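Encoded as structure tokens, the structure appears first; notes follow it.
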There are 2 protein chains.
Amino acid sequence: MQSRSKHLPADQRRDVTVEAVVELAAEHNPSNITTAAIAKHMNVTQGALFRHFPSKDAIWQAVMEWVAERLLTRVDKAAKAAATPLAALEAMFLTHIEFVSAYPGVPRMLFGELQHSGESAPKRMARTLLRRYGERLEGWIEKGKAAGEIDPSVDTAAARQLFIGAVQGLVMQSLIAGESATMRDRVPGVFAIYRRGIEVRS
Amino acid sequence: MQSRSKHLPADQRRDVTVEAVVELAAEHNPSNITTAAIAKHMNVTQGALFRHFPSKDAIWQAVMEWVAERLLTRVDKAAKAAATPLAALEAMFLTHIEFVSAYPGVPRMLFGELQHSGESAPKRMARTLLRRYGERLEGWIEKGKAAGEIDPSVDTAAARQLFIGAVQGLVMQSLIAGESATMRDRVPGVFAIYRRGIEVRS
DNA sequence: CAAAAGATAGTAATTGATTACTATCTTAGG
DNA sequence: CCTAAGATAGTAATCAATTACTATCTTTTG
């Protein structure tokens, strides 16, 4: 029984910190999340954060690592369980939406990092995540063409980009509406159009 | 001849300020654009800005007004000149991409404003712009259905959202690549899939 | 029609608040 | 009992906003 213990081992404290940032990003502009706000949200003083992270940038780096690992693991698992390539794409789509529904701060952080000028570790991580995600998408699209599910005349790179854009569009809508419930309701309709756009015509 | 005059009429100075912000947003995270940076970019002192705007928020409000007016005017004009509803959608798509190509800071500002928690005048303006844009889209989609160009089974709201997402996806890609040239090259491929997704099957 | 008077626009310096980060002291817990 | 984790109390830098003052344009009037 050490549940309410104030002192945590360093690695646990780092995990808690990352979670705090993810939670805060759900409601605040990532650029405006201060170390003081992070510390307050996890019931620790601001200075304590710097016992476990050398800089604020290092915190963001850890957060981006967390996001990349979780998101890719989930969509990979979902895609693998699907029967066909097109079903894998749909599974990735649904899983991705589920993920950003559970962690509404994630797309905001991703987009926020990409917006920064210059180079930084978190920005590199965000870019790497999107590249790896795109590679998976293109893989399934090519498999779909080989399987005769996806029209071979479809531009693979364009299909990848529209897929990501479709998710983005849903996220943006929920940013405006302020609720993720409506986002999930709209998923089938959006994916139906996307599917129609790439699948072979019977 | 008063071209290099340091003193500008208030309305002209406000216009110059808005242009400065738009230009700065092309290269910097909107959240990190300071009043000092704006002032420096237009060769005035920081305090001078507050002679023409009551607050920094008021500057952003003016910027969002500028964006809304310019973008909607352009896409409306392009859509009107098109021969059919589907052609109007394509014209809007191309015009929108041209616009964000010319002003790369615009989508960053829009997204940045929407990310802010709470209510603010600039955020309301961003939301209004997106609503009005969406209304136009849905109008053309419905017209397309009536004209027999667009499949009546297509979910209009979903089609609107995917349209905006398609633009978003292209913009995000250019944020990663850091150049807008590649974005324009990818436009035809992306719109082709979208078009396929909504048009009636022959 | 020019010079005084007033209005408008901009400067330079400063404010209090907030930021990331740090130095030093305290305490929990194996 | 000693060391890792946290508290306390700072720092220097940066931010939006304001101040007192100056420069420049515009209008009025003798």
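Just so it is clear: chains get the letters A, B, ... in the order the sequence lines come, proteins before strands, and each one is counted from 1. Computed from a predicted structure; not experimentally measured.
Comparing atom distances between the A/T35 side chain and each of C/dC21, C/dA9, C/dA20 picks out C/dA20 as nearest. Checked against C/dG10, D/dA7, D/dA17, the side chain of B/Q46 finds its nearest nucleotide in D/dA17. Minimum atom distance to the side chain of B/S55 is reached by D/dA17, of the listed D/dG6, D/dA17, C/dA20. When distances are taken from the side chain of A/T45 to each of D/dA7, C/dA9, C/dT11, the shortest belongs to D/dA7. Comparing atom distances between the B/H52 side chain and each of D/dA17, C/dG10, C/dA9 picks out C/dG10 as nearest.
At whole-Å resolution of the value, NZ in A/K40 and C1' in C/dT18 are 14 Å apart. For the pair B/I33 CD1 and D/dA16 P, the computed distance is 10 Å after rounding to whole Å. The CG atom of A/L49 sits 19 Å away from the P atom of D/dA4 (whole-angstrom rounding). Spacing between atom CG of B/D15 and atom C1' of C/dA9 amounts to 16 Å, rounded to whole angstrom units. At whole-Å resolution of the value, NE2 in A/H7 and C1' in C/dT27 are 6 Å apart. Between A/F53 atom CZ and D/dA5 atom C1' there is a gap of 14 Å when expressed in whole angstrom units. As rounded to whole Å, 12 Å separates atom C1' of D/dT14 from atom CG of B/N32. Counting to the nearest Å, the C1' atom of D/dT3 and the CG atom of A/L8 are 17 Å from each other.
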Practice problem: Begin with the C-alpha distance, continue with both residues' side-chain angles, and end with the deciding distance and a verdict on side-chain contact (heavy atoms from CB on, under 4.5 Å) for A/D76 and A/T73. | Solution: CA-CA 5 Å; A/D76 277 347; A/T73 302; 6.0 Å; no
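Taking the six-membered ring for Trp and thresholds of 30 and 60 degrees, B/Y103 and B/W66 have ring planes more than 60 degrees apart, a perpendicular arrangement.
Both A/G47 and B/V44 lie close to DNA chain C; mapped to their nearest nucleotides by heavy-atom distance, the more 5′-ward contact belongs to B/V44. Annotation: of the two residues near DNA chain D, B/K56 and B/R51, the 5′-most nearest-nucleotide partner is B/K56.
At the heavy-atom level, B/T34 lies under 4.0 Å from the strands shown only through sugar-phosphate atoms.
Donor-acceptor pairing under 3.5 Å is lacking for the side chains of A/R160 and A/Y133. Remark: the A/T156 side chain and the A/K145 side chain contain an N/O donor-acceptor pair separated by less than 3.5 Å.
Looking at B/R186 and A/D155, no side-chain N of the basic residue comes within less than 4.0 Å of a carboxylate O on the acidic one, giving no salt bridge.
The phosphate of D/dA4 (OP1 or OP2) has no side-chain N or O of A/R13 nearer than 4.0 angstrom.
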